[in-house]
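Read the structure below first, then the notes.
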Number of protein chains: 2
Amino acid sequence: MVLPRAAKTQRRTRIQEEKEERILEAALEVFATNGFRGSTIDQIADVAGMSKPNLLYYFRTKEAMHRALIERVLDTWLDPLRAFDAEGNPVTEIRSYIRRKLEMSRDFPRESRLFANEILQGAPHIEDELVGPLKQLVDEKAQVIRAWAKAGKIAKCDPYHLIFSIWATTQHYADFDVQVRAVLGEDLAGEGRFEDAARFLEQLFLHGLTPQGG
Amino acid sequence: MVLPRAAKTQRRTRIQEEKEERILEAALEVFATNGFRGSTIDQIADVAGMSKPNLLYYFRTKEAMHRALIERVLDTWLDPLRAFDAEGNPVTEIRSYIRRKLEMSRDFPRESRLFANEILQGAPHIEDELVGPLKQLVDEKAQVIRAWAKAGKIAKCDPYHLIFSIWATTQHYADFDVQVRAVLGEDLAGEGRFEDAARFLEQLFLHGLTPQGG
DNA sequence: TGATAATTTGACCGGTTGGTAAACATTATG
DNA sequence: CATAATGTTTACCAACCGGTCAAATTATCA
């Protein structure tokens, strides 16, 4: 039989499991740094240490590879937002959301860049995810934030733009890493920059720049 | 003569002026939405309404096109930061810097995406600009901010991360426009979103989320 | 106007890219 | 161990891509 994947068999082979894993890992590396159009199957094959036709045996097209990767990553990517707890203390929740997002930028920068590339180029492959599940999740959390503001537990503000600004400030350290390093210079650009960022962002979101706020 | 551009002539022809303008405008459109590798000369030629060899008559390579574009755009892109005035009122300065950056995201989203694409993919073509002129400018302004903090005019904070967070939050509305629109939905995603963003960011940077701050 | 330079185009080239076909190798299973 | 299913590779193709070339066209100006 020439047909790939579980077309006939019910369960996935051990080899399938392993190889698809290796391919998606390689695809993440390549897509994240080159974007979809800028990436080639050969590059991914190289990184994965496999031949190009072998890759295409597991994923019939480049698009299929990309789709599978996005699906797999999107879920965990939204975990921090899902963890946002309506019952918790507002300040604590926001603070730990920022911290978690920043940790993700530090620990999973490739995933961040994968999405950044995709969205930057008009989200041609994930627009459905954006207007569907993502919007729904954000709407839900925006309601929570609005309730907190109404109850006077945090300042009155637009919850959507609050979420945007948390995304922007935290993902910046993954997506614009090269620029951050360049500007900070060799001495400041060590791993300590994430702790500095965390400290700064906490102050910013809790007190802003008004003196004596920290 | 077959040699392009002002190789022999001193002044640039009117035609040269016009065509190079048209090409760079088209290049901005294409590079901003596809990144360097993802863009083709044919695409740019299409948008410019010229033939491919004609484009290559004015810019010998795709790289030359990209370089010329970046050089032209980088300068005006940094204008808002340059306008940052050490003598001015700190709060006013920061507030108008944010406003100006947000206006640039609204009025020149393609320029923002051009840089975002470039930096996201490791800044292979502009790294020198980053560690050189950009770092120098930021260092200079960081000193100004630090002085303000020391004088107690604004809260003590890391000036670099402050600048990063202003960049991140404002450019987000250009770079991640598709996502912003998707999340806000049709009713909220009108042009008013920039005013909402401005209001939110002003509050954020001046007072944070502490109640009664606005 | 005519000569000369500047501009534009169609045909083309070598290398790359996404993807296929088929032969070959390996593994699972009766 | 036979044999069918699964996995891998080599060779290949057509489309695309960056770039060249020479010929044709248009603008400039003495």
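Hydrogens, waters and symmetry mates are skipped; everything else that's a heavy atom, side chains included, is used. Residue numbers begin at 1 in each chain, while the letters A, B, ... track the order of the sequences.
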Kindly write out the residues that satisfy side chain to side chain donor-acceptor pair (under 3.5 Å) with Glu93(A), not counting sequence neighbours, or none if the list is empty.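 None.
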Could you give all pairs that pass the salt bridge (charged side-chain N to carboxylate O under 4.0 Å, His left out) test and reach [range], with sequence neighbours left out?
range: residues 32-51 of chain B; result: Asp42(B)-Lys52(B)
range: residues 123-138 of chain B; result: Lys135(B)-Asp139(B)
range: residues 157-172 of chain A; result: none

Sorted by number, residues from residues 38-54 of chain A placing a heavy atom under 4.0 Å from DNA chain C are Ser39(A), Thr40(A), Ile41(A), Lys52(A), Pro53(A)
Please name all residues satisfying ring-ring contact (aromatic ring centres under 6.0 Å, His included) with Phe108(A), sequence neighbours left out, ordered by chain then number.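 Phe108(A) satisfies ring-ring contact (aromatic ring centres under 6.0 Å, His included) with no residue once adjacent residues are dropped.
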Output all residues satisfying ring-ring contact (aromatic ring centres under 6.0 Å, His included) with Tyr160(A), sequence neighbours left out; order by chain, then residue number. none
N/O (side chain, [X]) to phosphate O (OP1/OP2, [N]) under 4.0 Å:
X: Arg37(B); N: dC16(D); answer: no
X: Tyr58(B); N: dA6(C); answer: no
X: Tyr57(A); N: dG7(D); answer: yes

Nearest whole angstrom, please: distance from the [atom2] of [N] to the [atom1] of [X].
X: Leu55(B); N: dT20(D); atom1: CG; atom2: P; value: 14 Å
X: Phe59(A); N: dT8(D); atom1: CZ; atom2: P; value: 13 Å
X: Leu56(B); N: dC13(C); atom1: CG; atom2: C1'; value: 14 Å
X: Glu18(A); N: dT27(C); atom1: CD; atom2: C1'; value: 13 Å
X: Lys62(A); N: dT17(C); atom1: NZ; atom2: P; value: 9 Å
X: Arg60(B); N: dG19(D); atom1: CZ; atom2: C1'; value: 12 Å
X: Gln16(B); N: dT26(D); atom1: CD; atom2: C1'; value: 15 Å
X: Glu20(B); N: dT8(C); atom1: CD; atom2: P; value: 11 Å

Counting only N and O atoms by type, is there a donor-acceptor contact under 3.5 Å from the side chain of Thr33(A) to the main-chain atoms of Glu29(A)? yes
Give a yes or no on whether the backbone of Ala168(A) and the side-chain of Lys101(A) come within a donor-acceptor separation of less than 3.5 Å. no
Any side-chain hydrogen bond (donor to acceptor under 3.5 Å, both in side chains) pairs touching residues 170-180 of chain B, not counting sequence neighbours?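 Those involving residues 170-180 of chain B are His161(A)-Tyr173(B), Ser112(B)-Asp175(B), Asp177(B)-Arg181(B), Asp177(B)-Arg193(B).
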Using five pairs at either end of the helix from dT1(C)-dA30(D) to dG30(C)-dC1(D), determine the angle between the two local helix axes and round it to 10 degrees. 10°
